[in-house]
Number of protein chains: 2
Amino acid sequence: MTAFPQTKDTTDKRAALLDATILLTQARGFHAVGIDAIAAEAGVTKKTLYHHFRSKEELILAALRRYDSQFRNRFLRAVETSGETPCQRLISLFDVARADFSATGFNGCLFVKAAGEFRGISPEILRFCTEAKTLVLEAFETLCRDADVREPHILAEQLFIIYEGACAAIHVTGRTDITDNAKAAAMTLMAPYLPAEDVSPA
Amino acid sequence: MTAFPQTKDTTDKRAALLDATILLTQARGFHAVGIDAIAAEAGVTKKTLYHHFRSKEELILAALRRYDSQFRNRFLRAVETSGETPCQRLISLFDVARADFSATGFNGCLFVKAAGEFRGISPEILRFCTEAKTLVLEAFETLCRDADVREPHILAEQLFIIYEGACAAIHVTGRTDITDNAKAAAMTLMAPYLPAEDVSPA
DNA sequence: TGTGAAGGGGACAGATCTGTATACACAGGG
DNA sequence: CCCTGTGTATACAGATCTGTCCCCTTCACA
């Protein structure tokens, strides 16, 4: 990456291409979006695109990596600063998720979409989606462990299921208020594991 | 449909085309599968395909309708015959779902995938996906109502979230055992609403 | 000042995709 | 017996998509 001297614009173009890929594939899917549209959205020519990435598949994989990194940085950081105690942070999980699910242009989880479009086509992309989601699940488990939950593995997976379910349900029904009910369900599931004072203000 | 006399083969070809569409789009996505592949899988020529359907979009829409009808017939009928009391039937929801989620070739919910690929491209397909999922949610609510649940609307939506979450989570992680934990979560959520004797044998 | 990487602009090849056209076969009903 | 509906087989038009190539400019750095 830094083996050769590169101007400031170089990384800008690359990042613009990745952002354009994320934006367009989120809106219309991976196979429905062409290389030309991505290059145009990034304000770049195809030449530049193929200078940075060897193929569309490589571009998509890089975009998913960027998306994963951005998501975990933003989401988990927001959760970590959202409450004073581990229990409060755990509870605020779905408050943080609400912003994502209600964002304009939200069109379902990008990894779920990628897994659906590339199974049997690009094992590499499918594998990365699996890994990215596994890391999210593990982050949930760390939160549970910090909160001294009795069975962190089980509760984390249940919260993960609800997180994914809210994501898919809002995506396909368009009703963003589902997040409220998802949070309520999460609180019910957490209740047996947490001290009473953290759960009571439901 | 029956306004003109038609041979037995006519509906066979049509159904074969719809089944091939469901099979291939489930495996590889909607935009990644071409008309030729669908016709070949159905053992039919393109001419026949375009005789029954005016466009790929119309074919996909018809396939989604067929899938929806098949799914509701099969899934809800299985649930309705799975227990003697409404409570038992409600609990067995995730036992019935387990078979679907563990089936070979399972690649996520077809409606979720369609919604992700056709938002901003085909409003008609997107709308049908929303309607189909809403009907599933309403079926859950009917089950809750039959079981004399206190707040059927809320519990049904929570079960729906878990159902969708298990579907997405298994799809992207490949771990079918997630269904067990989804059922456990569902039982926990149902517990406050149901008589103790139905919930205890967890 | 010269070199070479990065990028613009655009043409192009080759593949694939949707949808149509042509020519023929076959079955059933008036 | 002919007509219509349905089907096969295949070629084709037109669009689009991925990926390459050529020629030009700009700019950092040696």
Side-chain angles (χ1 to χ4, degrees), chain A residues 1-21 23-25 27-64 114 117-118 120-122 124-125, chain B residues 1-21 23-25 27-64 114 117-118 120-122 124-125:
Chain A
M1 188 81 77
T2 56
F4 49 86
Q6 51 184 5
T7 69
K8 178 173 162 291
D9 274 326
T10 299
T11 53
D12 277 2
K13 303 285 184 183
R14 194 188 147 90
L17 278 165
L18 294 178
D19 287 339
T21 305
L23 183 75
L24 291 181
T25 55
R28 289 187 276 163
F30 292 90
H31 287 92
V33 169
I35 287 292
D36 300 82
I38 293 175
E41 172 71 28
V44 144
T45 59
K46 277 205 292 184
K47 177 80 197 268
T48 304
L49 189 154
Y50 279 102
H51 178 78
H52 286 286
F53 307 97
R54 275 182 301 185
S55 66
K56 186 184 184 184
E57 179 176 349
E58 197 176 275
L59 168 65
I60 289 175
L61 198 52
L64 287 175
E117 286 199 49
F118 288 108
I121 294 175
S122 168
E124 208 168 349
I125 290 179
Chain B
M1 188 79 80
T2 56
F4 49 86
Q6 52 186 3
T7 69
K8 180 174 157 292
D9 274 328
T10 299
T11 53
D12 277 1
K13 303 287 184 185
R14 195 188 146 89
L17 279 164
L18 294 178
D19 287 338
T21 304
L23 184 75
L24 291 181
T25 55
R28 288 186 276 163
F30 292 90
H31 287 93
V33 169
I35 287 292
D36 300 80
I38 293 174
E41 172 72 28
V44 146
T45 59
K46 274 207 292 185
K47 178 78 195 228
T48 304
L49 188 154
Y50 279 102
H51 178 78
H52 286 286
F53 308 97
R54 275 182 300 186
S55 65
K56 186 183 185 185
E57 178 176 351
E58 197 175 273
L59 168 65
I60 288 175
L61 198 52
L64 288 175
E117 287 199 48
F118 288 108
I121 293 175
S122 167
E124 208 168 352
I125 290 179

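As the structure is a prediction and not an experimental result, all values here were calculated from the model. Sequence lines set the chain letters: A, B, ... in the order given, protein chains first and strands last, and positions in each chain run from 1.
- The stretch residues 39-46 of chain A touches DNA chain D through Lys46(A), each having a heavy atom under 4.0 angstrom from the strand.
- Rounded to a whole Å, the CG atom of Asp12(A) is 15 Å from the P atom of dC27(D).
- With rounding to the nearest 0.5 angstrom, the CD1 atom of Ile38(B) is 10.0 Å from the CG atom of Leu18(B).
- For Glu57(A), there are no salt bridge (charged side-chain N to carboxylate O under 4.0 Å, His left out) partners at least two apart in sequence or on another chain.
- With rounding to whole Å, Leu24(B) atom CG is found 12 Å from dC17(C) atom P.
- Residue contacts for Lys56(A): at a heavy-atom cut-off of 4.0 Å it reaches the sugar-phosphate backbone alone, with no base atom in range.
- Counting only distance, with no hydrogens or angles, the side chain of Glu117(B) and the backbone of His31(B) share a donor-acceptor pair below 3.5 Å.
- Whole-Å rounding puts the Ile121(A) CD1 to dT18(D) P distance at 13 Å.
- In this structure, the NE2 atom of His31(A) is 14 Å from the P atom of dT16(C), given to the nearest Å.
- Distance NE2 (His51(B)) to P (dT4(D)): 14 Å, rounded to an integer number of Å.
- Between atom OG1 of residue Thr48(B) and atom CZ of residue Phe53(B) there is a gap of 11.0 Å, rounded to the nearest 0.5 Å.
- Looking at heavy-atom distances under 4.0 Å, Thr48(B) makes contact with a base.
- Considering Thr21(A), Thr25(A), Leu24(A) in turn, Thr25(A) is the only one that fulfils the side-chain contact (heavy atoms from CB on, under 4.5 Å) rule with Phe30(A).
- Atom CD of Glu57(A) is separated from atom P of dC17(D) by 18 Å (rounded to the nearest Å).
- Taking Lys46(A) as the reference, Asp36(A) meet the salt bridge (charged side-chain N to carboxylate O under 4.0 Å, His left out) condition, with sequence neighbours excluded.
- Rounded to whole Å, the distance from CG on Leu49(A) to P on dT20(D) is 11 Å.
- Atom-to-atom, NZ of Lys47(A) to P of dT20(D) comes out at 11 Å; the value is rounded to the nearest Å.
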